[in-house]
Amino acid sequence: MVNVTDGYGSSILGYPRIGPHRELKRALEAYWRGAIPRDELLAVGRDIQERQFNELAATGLTQVPGNTFSFYDHVLDNALMFGAVPKRFEPFRDEMDPLDFYFLMARGRPDLPPLELVRFFGTNYHYRQPELDAQTEFSLHPEALLDEFDRAKAQDIELRPVVLGPLSLLLLSKAGQVPGEDEFDTLQLLDRLLPAYEELFEILAKRGSTCVQLDEPAFTSERTPAELAAFEAAYQRLSKAPLRPRMLVTGQYGDFGEALRILAASNVEAIGLDLASYRIRPEELAEIPGIRRKRLYAGVISGQNVWRADRHVTLEYLNQLAQVCPDLVVSTGTTLLHVPYDLLIEYDILGNVADRLAFAKQKVGEVVSLAKALTDGPSDSWRKRPTEVHFKQKHAVRQRVYAVTPDMRAREPYAVRREAQQAKLNLPPVPATTLGSFPQTNKIRQARYELGQGRLSFDDYKKRIEAEIEATIRLQEDIGLDVLVHGEHERNDMIQYFAELLDGFATTHFGWVQVYGSRCVRPPIIYGDVSRPAPMSVEWISYAQSLTDKPVKGIVTGPVTMLARSFVRQDLPLHETADQVALAIRDEVVDLERAGIAIIQVDEPALREMLPLRPEGRAEYLRWAVGAFRLATSGVKPETQIHTHIGYSGRAEVVEAIEELDCDVTAIVATRSIDWVVKALKADSGTDHGLSHGVGPGVYESRSARIPDIDELDELLTAAAEAITPERLWANPDGGLKTRHYWQLEPSLRNMVAAARRVRRRALAGE
């Protein structure tokens with residue numbers, strides 16, 4: 001261990017990996033379409049890695065993380081490093097280039113679905129979920145990790161390899177079923193997996209590595225006694241490995257809970273805590289037996305928001321922690337994967353807002369500065385406190401929130417609404433629709449770019465968008481969908497589009513954050529009170545409705561998702577900001593109704609994402625989240641049909657919350673997990689928190705290139721129709737279609753419509 005008299009250390013737990021200018025995104029997409037060779041893609045990856053570890057070493061960090069780069073997803077990387085290949089992919093392993101095989105698992109192909117895409121611990125990031133079964137065997141393949149380690153070492157930089165911990169690797173994986181065998185828990189594979197970790201440790205130690213980082217984010221969630229026992233047994237064993245580097249075990253994304261006590265009692269040398277998400281009191285930390293002997297990576301700088309830490313308050317807290325754990329390293333609470341690269345390249349964020357922001361590069365500076373101040377005391381530059389931002393306040397917005405009454409969050413009973421809506425819409429059983437977005441062509445992206453550069457007038461831009469909307473309407477009519485969408489061609493992103501039109505939000509030009517693979521977004525920043533200066537979508541959706549006699553859905557993003565996909569202000573309770581956004585969305589929904597739009601979809605895919613990882617706080621969160629949605633949607637008449645789109649969750653409390661949303665139709669991401677939806681549908685209203693309103697269990701995965709066949713879709717819809725009456729069942733994909741090509745989209749939707757019509761015919765025939 002480092003002598004504290006040499007100074008306190010500084011480190012981070014990970015860094016963005018798409019490249020400062022999205023170099024990886026461009027290279028990936030070029031490779032996938034055959035525009036560049038494999039060697040060129042690999043060269044881009046090596047360049048990003050080397051620039052990163054050289055730049056981080058130059059900042060003054062005393063430890064630089066390695067193995068944080070990925071060509072698609074780090075969870076998939078770790079699964080492959082330990083040889084966890086699902087059986088359905090095994091036949092292709094030897095016949096394909098390793099990189100193409102990796103992308104096959106991540107992206108799939110028309111006849112082979114990819115690994116499931118799953119949200120990562122309430123962040124905007126998604127990972128490809130490994131698939132394990134009782135016959136899975138593990139083997140070590142550390143070539144990529146060792147190659148980067150050796151390249152850095154040749155430049156006199158020692159990297160601290162970052163590896164997903166064995167428990168989290170198993171818990172984040174999907175338990176597959178082997179025909180003829182009993183169901184199993186992935187943790188049953190732990191004894192098979194640990195030898196591969198011990199082998200990796202030995203290789204690293206012989207390579208000269210002095211420390212390895214094992215991330216165990218699964219243990220910042222609620223865990224069972226059996227899982228905690230497995231955690232304890234695993235780290236007792238790994239910490240006694242005969243030849244290994246020092247071990248740093250991190251608990252990112254929240255409270256490490258009982259896992260902290262287990263590690264403190266083990267031979268693990270270092271523990272990383274996300275103190276930016278869960279600030280443990282020093283006196284509480286001091287009560288944990290064995291903690292004083294550990295090196296503590298104090299994650300006081302958040303990796304999940306963009307607000308600068310109050311350095312004076314943070315330094316005082318670090319000084320208190322150092323009294324408990326003298327061997328202290330100032331660190332980030334999580335990897336910096338979830339924030340943009342560099343604030344300094346943004347040129348039009350309001351000055352008093354920009355002064356309070358820190359992106360990845362600035363957060364590294366905060367870590368280094370705090371470590372120096374902890375060692376030597378604050379420098380002269382610390383004497384003046386930074387100017388606090390006066391968050392933009394609007395008296396009228398605050399007063400409007402305070403004036404909200406319970407009846408503003410309530411509509412007429414569902415039975416009354418359903419009858420009024422059917423009389424107005426006259427929809428058939430099992431109506432077929434999509435969830436909003438259609439592919440954005442290069443022509444549309446170019447038009448948006450030229451508009452932003454001032455090289456295209458708004459009138460000309462409008463004509464191009466309207467032409468695209470009309471083409472989308474005609475295609476849907478030809479396919480035979482019952483309820484149409486306008487395609488969202490005017491929207492760069494479901495969050496950013498509305499953020500740019502709402503007061504209280506700041507948007508960036510280069511603040512890209514990876515969502516998965518080559519998919520990146522620019523999360524907006526909520527810095528002030530939120531209000532809607534003018535209608536945001538009415539003109540585009542009204543134009544689409546004027547082109548057809550079929551109903552066209554108006555689509556807006558819900559208040560909880562606007563919060564979840566943004567960097568949220570910290571001076572106001574979340575529930576109050578949610579109500580501010582809800583009132584702005586409410587105004588939009590009412591204006592859509594006035595414009596003659598009979599179906600309005602208020603998307604809340606993030607409802608499940610913001611659920612606290614531990615039971616404490618879940619009931620309160622769901623209370624205000626449901627309240628915000630109902631505030632946004634309860635200003636319309638009974639005959640106006642309200643839809644929503646939410647992410648998958650089989651949790652009982654989330655199923656109950658879905659019911660409490662009181663939405664007329666709920667579309668659910670459930671393609672691979674439809675069983676829980678069917679089970680929920682079977683419950684009668686008021687019993688077991690069943691889903692008693694209209695439901696659209698997404699019947700095919702919108703992010704996959706795979707084209708589902710009619711029989712498969714028929715089977716899924718039939719299973720759902722058996723649970724409820726076909727009149728309450730909708731047929732839809734499980735998400736928007738923005739990332740698809742038309743050659744994928746059109747046959748998929750035609751097959752879905754054909755399957756829905758089969759189920760409909762059987763229902764009408766009384767079969």
Side-chain angles (χ1 to χ4, degrees), residues 2 7-20 48-70 74 120-121 123 125 148-149 152 157-165 209-217 220 246-253 256 270-277 295-309 311 314-315 318 321 327-343 357-375 513-514:
V2 172
Y8 292 97
S10 57
S11 189
I12 61 172
L13 301 186
Y15 206 65
R17 60 197 185 206
I18 56 175
I48 292 173
Q49 285 178 309
E50 293 182 10
R51 278 192 292 164
Q52 176 175 308
F53 63 63
N54 276 288
E55 289 178 6
L56 290 177
T59 63
L61 286 174
T62 58
Q63 300 173 28
V64 177
N67 197 41
T68 62
F69 175 79
S70 175
H74 63 281
F120 194 68
F121 294 99
T123 69
Y125 184 74
E148 184 196 27
F149 183 85
I157 299 171
E158 183 192 329
L159 299 181
R160 183 186 69 239
V162 178
V163 181
L164 187 62
S209 172
T210 59
C211 185
V212 61
Q213 176 180 324
L214 299 173
D215 292 337
E216 291 286 7
T220 54
R246 291 195 306 271
M247 292 166 57
L248 160 63
V249 182
T250 74
Q252 303 182 42
Y253 307 105
F256 216 4
I271 304 171
L273 299 181
D274 183 2
L275 300 173
S277 297
R295 172 175 291 176
L296 179 67
Y297 284 68
V300 292
I301 299 300
S302 175
Q304 296 181 261
N305 70 38
V306 292
W307 301 105
R308 279 199 294 120
R311 60 190 182 188
T314 306
L315 180 60
L318 287 169
L321 289 177
D327 192 355
L328 193 71
V329 177
V330 182
S331 180
T332 54
T334 69
T335 171
L336 296 177
L337 173 67
H338 311 297
V339 296
Y341 267 91
D342 188 6
L343 175 66
L357 299 178
F359 291 177
K361 282 192 174 183
Q362 288 72 43
K363 287 178 180 291
V364 173
E366 287 185 295
V367 167
V368 172
S369 176
L370 283 165
K372 289 181 178 178
L374 189 61
T375 301
V513 174
Q514 184 183 29

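Positions are given from 1, in the same order as the sequence printed here. Below, each value reflects all heavy atoms present in this structure, side chains not excepted, and no hydrogens, waters or symmetry copies. Everything numeric in this text was worked out from a predicted model, so none of it was measured.
Shown here for Pro161 and Leu159, the closest heavy-atom pair between the two residues is CD-O, 3.2 Å. Minimum heavy-atom separation, Thr334 to Tyr253: CG2-N, 3.7 Å. Residues Gln52 and Pro16 approach most closely at OE1-O, 3.1 Å, considering heavy atoms. The two residues Thr62 and Gly9 make their nearest non-hydrogen contact at OG1-CA, 3.4 Å. Of all non-hydrogen atoms in His338 and Gly303, the two that sit nearest each other are CB-O, 3.5 Å. Nearest heavy-atom pair, Gln252 versus Thr220, reported as atom, atom and distance to 0.1 Å: O-OG1, 2.9 Å.
Partners of Lys372 under the side-chain contact (heavy atoms from CB on, under 4.5 Å) rule, at least two apart in sequence or in another chain, are Val368. With sequence neighbours excluded, the residues satisfying side-chain contact (heavy atoms from CB on, under 4.5 Å) with Ser331 are Leu13, Tyr297. Partners of Glu158 by side chain to side chain donor-acceptor pair (under 3.5 Å), not counting sequence neighbours, listed by chain and number: Thr210. By the side-chain contact (heavy atoms from CB on, under 4.5 Å) test, Glu50 is found to be paired with Phe53, Asn54, Arg151, Gln155, residues two or more places apart in sequence or in another chain being considered. The ring-ring contact (aromatic ring centres under 6.0 Å, His included) check on His74 picks up Phe120, Tyr125, with sequence neighbours excluded. Qualifying side-chain contact (heavy atoms from CB on, under 4.5 Å) partners for Ala371, counting only residues two or more places apart in sequence or in other chains: Ser10, Val330.
Atoms CD1 and CD, on Ile157 and Glu148 in that order, are 10.5 Å from each other to the nearest 0.5 Å. In this structure, the separation between CD on Gln49 and CG on Asn67 is 8.5 Å, given to the nearest 0.5 Å. A distance of 12.0 Å separates CZ of Arg51 from CG of Leu56, quoted to the nearest 0.5 Å. Rounding to the nearest 0.5 Å gives a distance of 7.0 Å between NZ of Lys363 and CG of Leu336. Atom OG1 of Thr314 is separated from atom CD1 of Ile301 by 5.5 Å, given to the nearest 0.5 angstrom. The CG atom of Leu321 sits 6.0 Å away from the CG atom of Leu275 when rounded to the nearest 0.5 Å.
The backbone N or O of Leu343 lies less than 3.5 Å from no partner atom in the side chain of Lys361, so there is not a single donor-acceptor pair. When atom types are taken as modelled, the side chain of Glu216 and the backbone of Val249 share no donor-acceptor pair closer than 3.5 angstrom. In this structure a side-chain-to-backbone donor-acceptor pair under 3.5 Å is present from Asn305 to Trp307. A donor-acceptor pair is defined here as one N or O able to donate and one able to accept, closer than 3.5 Å; no such pair exists between the side chain of Thr332 and the backbone of Ile12.
Checking Arg160 against Ser11 by side-chain atom types alone, a donor-acceptor pair falls below 3.5 Å. Side chain to side chain, Arg308 and Gln362 fail the donor-acceptor criterion of an N or O pair below 3.5 Å.
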Test side chain to side chain contact (heavy atoms under 4.5 Å, CB included) on Val364 and Tyr15; report intermediate values, then the result. CA-CA 9 Å; Val364 173; Tyr15 206 65; 3.8 Å; yes

Would you check, one step at a time, whether the test side chain to side chain contact (heavy atoms under 4.5 Å, CB included) holds for Thr123 with Leu337? CA-CA 10 Å; Thr123 69; Leu337 173 67; over 6 Å; no

Please assess Val329 against Leu248 for the test side chain to side chain contact (heavy atoms under 4.5 Å, CB included), listing each intermediate value before the final yes or no. CA-CA 11 Å; Val329 177; Leu248 160 63; over 6 Å; no

Would you sort out whether Leu318 and Tyr8 count as a side chain to side chain contact (heavy atoms under 4.5 Å, CB included), showing the intermediate values? CA-CA 11 Å; Leu318 287 169; Tyr8 292 97; over 6 Å; no

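Looking at Asp342 and Pro20, their side chains never come closer than 4.5 Å, going by heavy atoms from C-beta outward. At least one side-chain heavy atom of Ser277 sits under 4.5 Å from a side-chain heavy atom of Gln304. Two residues are said to be in side-chain contact when any heavy atoms from C-beta on lie closer than 4.5 Å; Val300 and Leu370 meet this criterion.
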